[in-house]
Amino acid sequence: MLKRTHNCGQLRLDDAGKKVILAGWVHSYRDHGNLVFIDLRDREGLTQLVFDPETQPQAHELAGTVRCEWVIAAKGLVQLRTEGMENPKLPTGQIEVAVEELQILNVSKTPPFEIDSAEKTNEEIRLTSRYIDLRRPEMQHKLRTRHQVTMVVRDYFDQLGFWEIETPMLAKSTPEGARDFLVPSRLYKNRFYALPQSPQLFKQILMVSGVDKYFQIVRCFRDEDPRADRQAEFTQIDVEMSFVDSNDVIGVSENLVARIFKRILDVDVAVPIRRISYKEAMADYGTDRPDLRFDMKLKDVSDIAKQSSFKVFTSVIENAGIVKGLCAPNGEKYSRSDIEKTLTSFVADYGAKGLAWSKVKTENDKLSLLSGCAKFFSPEAQQQIIELFEAKDGDLLLFVADKEAAANKALAPLRCKLARDLKLYDKEHFEFVWVVDFPLFEWSEDQKRYDSLHHPFTSPIEEDMDKLPAEGGFAGGRRCRPDPANICSQAYDIVVNGSEIAGGSIRIHNPKVQQKVFDLLNISRDQAQQQFGFFLKALGYGAPPHGGIAFGLDRLVMLLTGTENIRDVIAFPKTQRGQCLLTDAPSEVDQKQLDELNLRTQRHSHKPSQKTNEQK
RNA sequence: GGGGCCGUAGCUCAAUUGGUUAGAGCGUCGGACUGUCGAUCCGAAGGUUGUGAGUUCGAGUCUCAUCGGCCUCGCCA
């Protein structure tokens, strides 16, 4: 076999005159009868090979038989291309390799889709023949970027004295959180491991162990329905540190983010990254992961609306609801029917019962509200609204009247949709923000109890310790004033362009405080012992104050590569229904395997698993 | 579990109101061709319209079911 001396993206003008050997895939061939050209591709690029029947008849003849995606090696002379024949689209376009010897290393069937037009190809086919899809330069760029990010991460944490430590994949099922993937135990009948939703408890225990600074690039599993930016199997950059407060973790994290964006995209991230409180985020943007590339803040107009004659508004306010809205700059381009069909049905998807609107127009040298719900407002009220939103001629005001949480739920995505439609931001730009001061709990109406907003191991701020319910009178040495709804946590999320890329917190390191949180979450003592006993016990043996954070690697790489689809940044992703189209997992198993695991399935029909796209 | 969009040649798409033998580009195969780079020119092959029922004289088109893909609500401590 000819051993390559260079890759296909490497040769330049300066290399002219060198004898080289290249190897790769036939990207395309152009057979002129006389000359044959082959664009040879590997992950580094394309190089043109030229075969001349006059000088190398043997190689030329063989080249005529070659087809796309065959694997070949070619030995020849690097030469300048004839004048006027350079290809400015290729980095190697100044030169070509005049082949003297050609070896066919392997033939290939005709690929199921053309490499060049794969961008438009049905994803189902791309996933079924993933090995072809991954040959595409765009996909290789994403694989490479992902690799580069993990290398920056490892290098960064190593320099700061962090240790990368692996934690078990076969772990214990936890009652809270997402649905677990279960793995039956062969040695213990009726017992199961769970694949980790995150290494949360292990990393905290590593702090108890004195590891001090831990990180891990780790696979996590949550058995919930996928989305465009979510897979059941995903990767976290998991971090935990001892003897730290929020600012320490935030500092380490934002410097990492800055380094990643600098190294990968040469983008400077201004550090420290600004912070806003959860309360502010919810009030101004209706979500705890606001997209700050554009302004268009939400405003509560309840005070003005309750004096209107609009029944929808007044009755909602009487029932403890609010009227909240936003001002879409130049939103007049939405017609009445756009608003009443498209936008109204958009917010309806998020549970809004309606969408009130009004356009802002200049009349007699004065801004006023026009059409829609304008007629329900007095001229004075209209002026108040215009001032509140700082509305201008041609703007569109949109309102949702509902309970505060419901209004936010509809308005936050509406705000993003409008910004997208109206092109209010630069797609290439990144806007970072820390969201801090989350409440520790939120009331769950379904379950009639409090729920952790972050997770149950998040610590309250010192000042709010005494708002936890009493447990034998103990409240961190202070008197108790139970007020769970108003406990502020030491949690923090970093949000980029409306996407949460990391979240973390300072943890509870006092077993008594931890126990009280479990109590409040209505986790019984028995249950807590059974599920978290090992952890509570560990906290009892000198747990240092500690905290950490976890980054979503997949989403980070999506941002860095400008991808909207998480499957594009995962080499072998699953479909929306959790299938791997390449391998046909999940598949049925032999009865023998089930017997060994002491498992009996409810349906015994053992039809052979269906191959989706068998190649001939 | 709910909602939406989609499924026609290997790939991307077309096919009038339900009406003749389902078309095109790319790819594939064969041939031609002195420098191409999305080569060009000539020719050919390639289809159970995802699957199954139904309505109809007649279904790619309408109805129902089903399978699959994507988006989304719920869900995702």
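Just the heavy atoms: all of them, side chains too, but no hydrogens, waters or symmetry mates, feed the values below. A, B, ... follow the sequence lines: proteins, then strands. Residue 1 opens every chain.
Comparing A:D39 and A:R222, the nucleotide of RNA chain B nearest to each residue sits closer to the 5' end for A:D39. A residue-by-residue look at A:H455 and A:T121 shows that A:T121 has its nearest nucleotide of RNA chain B further toward the 5' end.
Taking the side chain as every heavy atom from C-beta outward, A:P91 and A:L46 never approach each other to under 4.5 Å. In this structure the side chain of A:Y450 never reaches within 4.5 angstrom of the side chain of A:S444, judged on heavy atoms.
Among the nucleotides B:G69, B:C73, B:U34, the one closest to the side chain of A:N34 is B:U34. Residue A:Y29 has its side chain nearest to B:U28 when only B:G68, B:G35, B:U28 are considered. Comparing B:C33, B:C70, B:G10 against the side chain of A:T575 picks out B:C70 as the nearest. Each of B:A39, B:G69, B:U72 was ranked by its minimum atom distance to the side chain of A:S28; first place goes to B:A39. Distance from the side chain of A:T110 is smallest to B:U28 among B:U28, B:U72, B:C37.
Using a 4.0 Å heavy-atom cutoff across all strands shown, A:E442 reaches no nucleic acid atom at all. Nucleic acid contact class of A:S198 (heavy atoms, under 4.0 Å, all strands): base. Using a 4.0 Å heavy-atom criterion, one finds that A:T82 contacts the bases of the nucleic acid, with or without backbone contacts as well. At the heavy-atom level, A:E96 lies under 4.0 Å from base atoms of the strands shown. Across all strands, A:D349 comes closer than 4.0 Å only to sugar-phosphate atoms, never to a base (heavy-atom distances). The residue A:D116 sits apart from the nucleic acid: no heavy atom pair falls under 4.0 Å. Within 4.0 Å of A:F457, counting heavy atoms only, lies no atom of the nucleic acid at all. Using a 4.0 Å heavy-atom criterion, one finds that A:Q48 contacts the bases of the nucleic acid, with or without backbone contacts as well.
Using a 4.0 Å cut-off, some side-chain N or O of A:K409 falls inside it from OP1 or OP2 of B:G74. A sub-4.0 Å separation between OP1 or OP2 of B:U36 and a side-chain N or O of A:H32 is absent. Side-chain N/O atoms of A:Q579 include one lying less than 4.0 angstrom from OP1 or OP2 on B:G69. Between A:R567 and B:C71, a side-chain N or O to OP1/OP2 separation shorter than 4.0 Å is present. Proximity of A:R227 to the phosphate of B:C71: no side-chain N or O atom is located under 4.0 Å from OP1 or OP2.
The aromatic rings of A:F457 and A:F532 lie perpendicular to each other, with more than 60° between the two planes, well past the 30° mark.
Straight-line distance between the C1' atoms of B:G4 and B:U56: roughly 30 Å, to the nearest whole Å. For the P atoms, the distance from B:A65 to B:C71 is 24 Å, rounded to whole Å. Taking atom C1' on both nucleotides, B:G7 is separated from B:U66 by 14 Å, rounded to a whole Å. A gap of 15 Å separates the P atoms of B:U16 and B:G50, to the nearest Å. On the C1' atoms, B:G18 is 11 Å away from B:U55, given to the nearest whole Å. The C1' atoms of B:G19 and B:C29 are separated by 35 Å, rounded to the nearest whole Å. Annotation: B:U49 and B:U8 have their C1' atoms spaced 4 Å apart (nearest Å). The same atom, P, is picked in B:U48 and in B:U61; the two are 16 Å apart, to the nearest Å.
Salt-bridge check for A:E500 with A:R555: failed, with every basic side-chain N at 4.0 Å or more from each acidic carboxylate O. Classification of A:D437 and A:K279 as a salt-bridged pair fails, no side-chain N sitting under 4.0 Å from a carboxylate O. Ion pairing between A:E404 and A:K409 fails under the 4.0 Å rule for side-chain N and carboxylate O.
Here A:H454 does not lie in a stacked arrangement on the base of B:A77, lacking the combination of planes under 30° and ring centres under 5.5 Å apart. An aromatic stacking contact links A:F37 with the base of B:U36, defined here by ring centres under 5.5 Å apart and ring planes under 30° from parallel.
Using N1 to N3 plus N6-O4 or O6-N4 for Watson-Crick, or N1-O2 and O6-N3 for G-U wobble, each under 3.5 Å, B:A22 pairs with nothing. In this entry B:A59 has no Watson-Crick or G-U wobble partner, no candidate having both defining distances under 3.5 Å. Across all strands shown, B:U34 forms no Watson-Crick or G-U wobble pair with both key distances under 3.5 Å. Base pairing of B:U48 is not made with any nucleotide, judged by Watson-Crick or G-U wobble geometry with both donor-acceptor distances under 3.5 Å. Pair assignment for B:U16: none, as no Watson-Crick or G-U wobble contacts are both less than 3.5 Å. With a cut-off of 3.5 Å on both pairing distances, B:A39 has no Watson-Crick or G-U wobble partner at all.
Rounded to an integer number of Å, the gap from A:Q576 CD to B:C75 P is 16 Å. The separation between A:R230 atom CZ and B:U72 atom C1' is 11 Å, rounded to whole Å. Taking atom CD on A:E83 and atom P on B:U36, their separation rounds to 14 Å, with Å as the unit. In this structure, A:I125 places its CD1 atom 18 Å from P of B:G27, rounding to the nearest Å. If you take CZ of A:F346 and C1' of B:C71, they are 12 Å apart, rounded to a whole angstrom.
For A:R30 and B:C33, a side-chain-to-base donor-acceptor distance below 3.5 Å is absent, hydrogens and geometry of angles not being considered. In this model, no side-chain donor or acceptor of A:E114 finds a partner on the base of B:U12 within 3.5 Å. No hydrogens or angles were tested; on distance alone, a donor-acceptor pair under 3.5 Å links the side chain of A:R81 to the base of B:C37. If you check distances only, the side chain of A:D225 does reach the base of B:G74 with a donor-acceptor pair under 3.5 Å. For A:T458 against B:A77, a side-chain-to-base donor-acceptor contact under 3.5 Å is absent.
Side-chain contact, A:N408 with A:K324: a donor N or O sits under 3.5 Å from an acceptor N or O. No hydrogens or angles considered: nothing links the side chains of A:Y285 and A:D291 as a donor-acceptor pair under 3.5 Å.
Residue A:E233 forms a salt bridge (charged side-chain N to carboxylate O under 4.0 Å, His left out) with just one option from A:R567, A:R219, A:R222, and that option is A:R219.
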